[in-house]
Amino acid sequence: MAINLTRRNFLKTASLAAASVPLSKVVAKAETGVVKTPLIPPGSFKDTKTAVGGICEMCFWRCQLVGKVRDGRLVKLEGNPKSIDNGTAICARGNAGIKLLYDPDRLKYPLKNVGKRGAPKWKRISWEEALNECASKLKGIVDKYGPHGLAMFPHGASAKYPMHFFEKTVGTPNVSEASFFQCRGIRDTAYVATIGTAPGENVDMPNAKVIMLLGGHFGENVHVSHLKRYLKGLENGAKLIVVDPRFSASAGKADIWVKIKPGTDTAFLLAIMNYLIQNDKYDKKFVEEHGEGFETMAEGISEWTLEKAAAICDVPASQIKEVADLLAANAPNVSIHPGRHVSWYGNDFQRERSLACLTGVLGAYGVKGGFVKPKGPKGFGKVSWPHGEHEGENLKEIAGKYPFAPPGTPTELIRDAALSGDPYPIKGCVIWGQNPIQTIPNQQRTIRMLKQMDFVMCVDVMPTDITMFADILLPECSYLERYDYIKKGTQWNFADKHQQYVSARMPLVDPGFERKDGVWITNEIARRMGYGDKIPVQSQEEMVDKILAGAGLSIAKLKAEDGIHIQPGKDPYGISEDFTVNFANEDLEDEGFPAIPTYIPVEEPPAGYMRLLYGRAPVHTFNRTQNNVWLHAAMPENPVWVNDKVAKRLGLRDGDRVSFVNQDGVKSRTTTTVKVTPGIREDAVYMYHGFGSMNPELTVGYNQGVDDQSLITKLAVDPETGCSGMRNNFVRLVKAS
Amino acid sequence: MIPKDSATESTPGSDDANGLAEVYGFLALCMRYPDPAFLDQEFLVTFQDLLHSLDRDSQARELGTWLQQDNNPLETLQIEYTRLFINAIPHVIAPPYGSIYVGGAGSLQGKLTEETRDFYRQCGFDLADETEPADHIMHELEFLAQLAREGRLEKTEEFLRRLFRPWFEQFYQRVHNEAGHPFYKVSVDLIDFFTKEEP
Ligand code: SF4
C-alpha cells in the first residue's frame, strides 16, 4: 500500500524544503528513543522467567512472592513455592499487585505544584530540580525554626530509612506513623505494660482448643498465613468465640457470638476475669509464679459481676458466663487474640491490658494454643542514621501527656502545634507513603495544618488524597520494583517441624519512568541539606546486604536459594522463669492512670444517630487499593450495614442509596448502598473503611463509595497513648433522592 | 546509537520517504516532554513553517499569537504536557500509551505494548532505554521515522494500520477535545494527518 494521496502530494511539493529551517536540523537536536539493533528472530523474548524475592505489600502482612516476567513485563504474581509462611497462596489483593504496578494513574516523574495546595497544577520537573528544591526548602525551615519546625508522616517499609534521617540526624521529634497512632500502637504498649513485650498476632491458633476474637473479623480481614493459622485451629476442632456488634465473617463461624454494645468490651473482659477468680476457675499456679499485683486486680475488679457487665454490654449474663466457662474448661490452651487495628474508642489501652491480663488469668502464656512468640532467626545487622546533636523537644514531654505512647508523637499533638504555633511552629512537612487525609480523624484540621506549612513534600506511588497538598511530589518505586524489607519468621504451624526463614524484598521488575527508591531519594536530599557525611549506606542493595550480613546472608545468597533461606528452628513453647504478667502496674499508677484494667465508658449516640463502625474488606487494604481496577471490580463501594428493624423505621430498603450526616453536621461527599441485615445492632451502622477518595486523579477510586473517615471528625484520644479512637462518631442516614 | 546520516546513506529512501521521516521525527518531538534542549525558538518557528506549508495558516497564526503573548512558552508547554499526559487534577486527559486504550487491560504494559515492541524488533529496531514503554506515542513516531528513513514505507503502513491507528484515534479525540493549548491540538491534528489511511 502506498502513502495516501494527500500525504504524498504534500511530500512531493517543494514547500517543505522551502521552509526557513529544515526539519532535519530541528529533529537532530534530540536523540531518538528507538534505535537500530541487530535483527532478532521473532519470539526470542517470549520465554517467561521466574523472578524470585518478591514480598507483597498490598497489605502489611508481606507474603513471599515470585513473579512471572516476560520481556521485562510482569505478567503474573504467585506465592513463592519455597515459602513456609504463605506458601503458594496469595490473596486477591496480592494477585492484583500487577494492576498497581501498571496503573496508568501512578506517579511517574517528579512533579512541582505550580497551582495551589489542595488544587494543584502539576508540572513535571527533573529530579535535580526537585531534590534541590526539597533540600533548600527543608533546610531553610530547619535553619529558621529548628529541626522541630518539621513534621513527618511516614508509612511502610520504604519510609523507615527517610524517617530515621529526619528523626535522628536532622532531629525532628514530630514523627507520627499511622501504624502506631491510628492502628496497633495501643496494643503494643498495653502489652508492654503488662507482659513486657509487644504481642504481634502471636496466638497459637492452630493448636488452640478455644479461639477468642474481639472485633477480629478474619475472612474479611485477610492475611494469608494468619488465616491459615485460624482456619487450621477451627479444622482441628477449636471452639470459636467472637465478640462483635456485627455478624462478621468470623461471627458466622462462631460457637458463641457475643453481640456486644460497642465500646463496652473492657466491662465484658473484667466480668469474665472476676467470675473466673471468684469461682476458682483461674490458673493459680501460673498466677503465683508469674503474676504481679494479682490480688490488687482481683480486689479492684470484684465489683464486676456478670449482671453488672451484662447490663452495660447489653448481652445476657448467662452468655458472659458461658464464654468464661468455655475458656476455663479449655485453659490454658486458649488463644485470646490481641487484635491488630485496635484504635477504636479512646479507652483502648484498658481493653488491650484486659486481654493481656485475661490471658494470664487463664495461664495461657507459652503453652500450646496460647500466646506463644515464635523463635525466629536472629543476628541481623543494623543500618541507621547517626543521631545529631539536637536535643529533641518532644511534644508529648512538653505537654506532659501520653507517657505510654508508641514510638513517635501522637498525630493530634503535631496537628495542634502546627495550627496554634504553640509550643513551637511546624512549617515543613514530609509525607512518605502515608495518606493522613484518610488515616487521621478530622480532615479539615489536617488540611488546615497542611495549608499553613511553608513547604510540603510528598513521596508516594499513587496520587493519593494527601498528594494534592504537596508542593513537590516525588514518585517512588513500588514494592515490586525495589529492595527493602527483611521478612523473617518461622513455619506458621508450631505443630510442624520447627523451621526458620529469611527473605528480603527484591525487585521483580525494573522501575519504569523516573521512579526512584527511598534510599536514593533520602540520600540525595541529605547530601543537599549538608548531611552527606552522615549517609549510612549508598544504595538500597547495600542497606539490605548489611542487614543480611549479620545473619550470614546476602542478596546473592538469597537469590541462589530462590529468594528464601530456610534453616532449622526452635521449639517456641515455654516461658522464662522471670516472665511476668503485671495485673497491676505501678508505673501506670505513678503516671496517674489506673494500675489495674479499668472500664471507661464512652459517649452514647445522640437521639436519632447511630455509631459509625468500620472494618476491613477482604479485597481491599483500606484506602491503599481503592484505585486498583481488579479490586474495584470485585468491590466497587462500601455498602452500609443497617439493622433490619432500624431500616424499617427509617423507611430504607436493601439497595437504597444513602448519604450520611454526622453529629457535627458534616455531610458525606458521596452516597452508597444500604445493606439491610439483622446482623448488626440497632445502635450502630458498619461499613468498610477506605473508599470514596477525594482525589480525582485516582480515576478508578474517586468518589466510589463513602469515605467513612470524612465522617470521623470528633476525636477520642486514648489518654495513656495519645492514639486516635475512631469509633466515637455518630451518623444518621439520608436517603438519596 | 546509530547516527541518522549513516542509516540514511545505507538505505536511501525516496524523497517523500525522507520527507516523511523528518516529519515523523518532528512530530515525535512534539509528543516528548518539552525540554529546552530541543524545544527552542527554532523549533517553534519550524513548526509554524510546517503549518504554512500544509496550508494550515490559521493554525500557524494561532501559534504565533500565543508566542507573542506568552513570556515563558516553554513552561506553559511543560504544564500543559503534564496536565494532558502525566498527572493532573481532576485527571490526566490522555495517557499517551496505546495499551490504555485497546486490549481491555486499561493499564500500562498490556498485550499491545508487547506486540508493539515485537514489531520494532522484527524490523531491526528497539528502545534505546526502558524509561517509557514501547507504546508511548513518541516512541511509535520515532519508530515510524526510522522506518521511513530506510524507505520501508510498506512497513510504516502496516504498523499504522495494525498497532497505531486503533488506539491513536481515541487518544486523538481526547486531546483534540480537551487540549487547552493550540500546540498540542495542532500537534495531534498533524499526527492524524500524517498517519491516517485514506482511500
Ligand atoms: S495477605 Fe494478600 S495483600 Fe497481604 S501480603 Fe499477603 S498476598 Fe499480599
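All of these numbers come straight from a predicted model, not from anything done at the bench. Letters go in sequence order (proteins before strands), and every chain restarts at 1.
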Notebook entry, point to check: Is there a side-chain contact between B/Leu108 and A/Phe513 (heavy atoms, below 4.5 Å)?
Noted result: yes

Note to self: Shorter than 4.5 Å, heavy atoms on both sides: which option in B/Glu132, B/His136, B/Met138 has the most such pairs with chain A?
What the structure shows: B/Glu132

Item checked: Worked verdict on B/Glu130 versus A/Asp510 for side-chain contact (heavy atoms from CB on, under 4.5 Å) -> CA-CA 9 Å; B/Glu130 310 272 334; A/Asp510 292 333; 5.6 Å; no

Notebook entry, point to check: With sequence neighbours excluded, what pairs up with B/His52 under the ring pair (Phe, Tyr, Trp, His ring centres under 6.0 Å) test?
Noted result: none

Which pairs of donor and acceptor atoms, one on a side chain in residues 60-67 of chain B, lie under 3.5 Å apart (sequence neighbours left out)?
residue: B/Thr65; atom: OG1; partner: B/Arg61; partner atom: O; Å: 2.7
residue: B/Trp66; atom: NE1; partner: B/Asp70; partner atom: OD2; Å: 2.9
residue: B/Trp66; atom: NE1; partner: B/His181; partner atom: NE2; Å: 3.1

Notebook entry, point to check: So which residues of residues 72-84 of chain B are in contact with chain A at a heavy-atom cut-off of under 4.5 Å?
Noted result: B/Glu75, B/Gln78, B/Ile79, B/Thr82

Notebook entry, point to check: At what distance, to the nearest 0.5 angstrom, does OG of B/Ser107 lie from CG of A/Asn628?
Noted result: 9.5 Å

Checklist line | Distance, nearest 0.5 Å, that separates CD of B/Glu142 from CD of A/Glu31 | finding: 10.5 Å

Check: Can you name the closest pair of heavy atoms from A/Asp71 and B/Arg121 and give their distance?
Finding: OD2-NH1, 2.6 Å

Check: Does any non-hydrogen side-chain atom of B/Ile89 lie less than 4.5 Å from one of A/Pro696?
Finding: yes

Next item on the list: Could you name each residue pair satisfying salt bridge (Lys or Arg N to Asp or Glu O under 4.0 Å) that touches residues 97-109 of chain A, not counting sequence neighbours?
Entry: A/Arg106-A/Glu481

Notebook entry, point to check: Considering only heavy atoms, which portion of B/Leu29 lies under 4.5 Å from any heavy atom of chain A: side chain, backbone, both, or neither?
Noted result: side chain

Item checked: side-chain contact (heavy atoms from CB on, under 4.5 Å) between B/His91 and A/Glu697, intermediate numbers included -> CA-CA 4 Å; B/His91 49 76; A/Glu697 285 173 285; 5.5 Å; no

Check: So does A/Arg124 pair up with B/Asp35, basic N to acidic O under 4.0 Å?
Finding: no

Next item on the list: Check step by step if side-chain contact (heavy atoms from CB on, under 4.5 Å) holds for B/Phe26 and A/Val26.
Entry: CA-CA 7 Å; B/Phe26 182 81; A/Val26 176; 4.0 Å; yes

Margin query: Do the side chains of B/Asp126 and A/Lys36 get close enough for a salt bridge, i.e. N-O under 4.0 angstrom?
Written below: no

Next item on the list: Could you tell me which portion of B/Ala88 (side chain, backbone, both or neither) has an atom closer than 4.5 angstrom to a non-hydrogen atom of chain A?
Entry: backbone

Next item on the list: In sequence, state the C-alpha distance, the side-chain angles, and the governing distance for B/Ile100 and A/Tyr102, and then conclude on side-chain contact (heavy atoms from CB on, under 4.5 Å).
Entry: CA-CA 10 Å; B/Ile100 308 283; A/Tyr102 297 135; over 6 Å; no

Margin query: Between B/Pro34, B/Ser99, B/Ala134, B/Gly110, who has the most heavy-atom pairs with chain A when the cutoff is under 4.5 Å?
Written below: B/Gly110

Item checked: Toward chain B, the part of A/Val114 with a non-hydrogen atom under 4.5 Å -> side chain

Next item on the list: Only one of B/Gln146, B/Arg149, B/His139 passes side chain to side chain contact (heavy atoms under 4.5 Å, CB included) with A/Thr32; say which it is.
Entry: B/Gln146

Check: At their closest point, which heavy atom of B/Gly106 faces which heavy atom of A/Pro104, and how far apart are they?
Finding: O-CG, 3.4 Å

Checklist line | OG1-OH distance between B/Thr131 and A/Tyr109, expressed to the nearest 0.5 angstrom | finding: 6.5 Å

Note to self: With a 4.5 angstrom heavy-atom cut-off, is it the side chain or the backbone of B/Phe47 that approaches chain A, or both, or neither?
What the structure shows: neither

Margin query: With a 4.5 angstrom heavy-atom cut-off, is it the side chain or the backbone of A/Leu107 that approaches chain B, or both, or neither?
Written below: both

Check: A/Val34 versus B/Glu140: any side-chain heavy-atom pair under 4.5 Å?
Finding: no

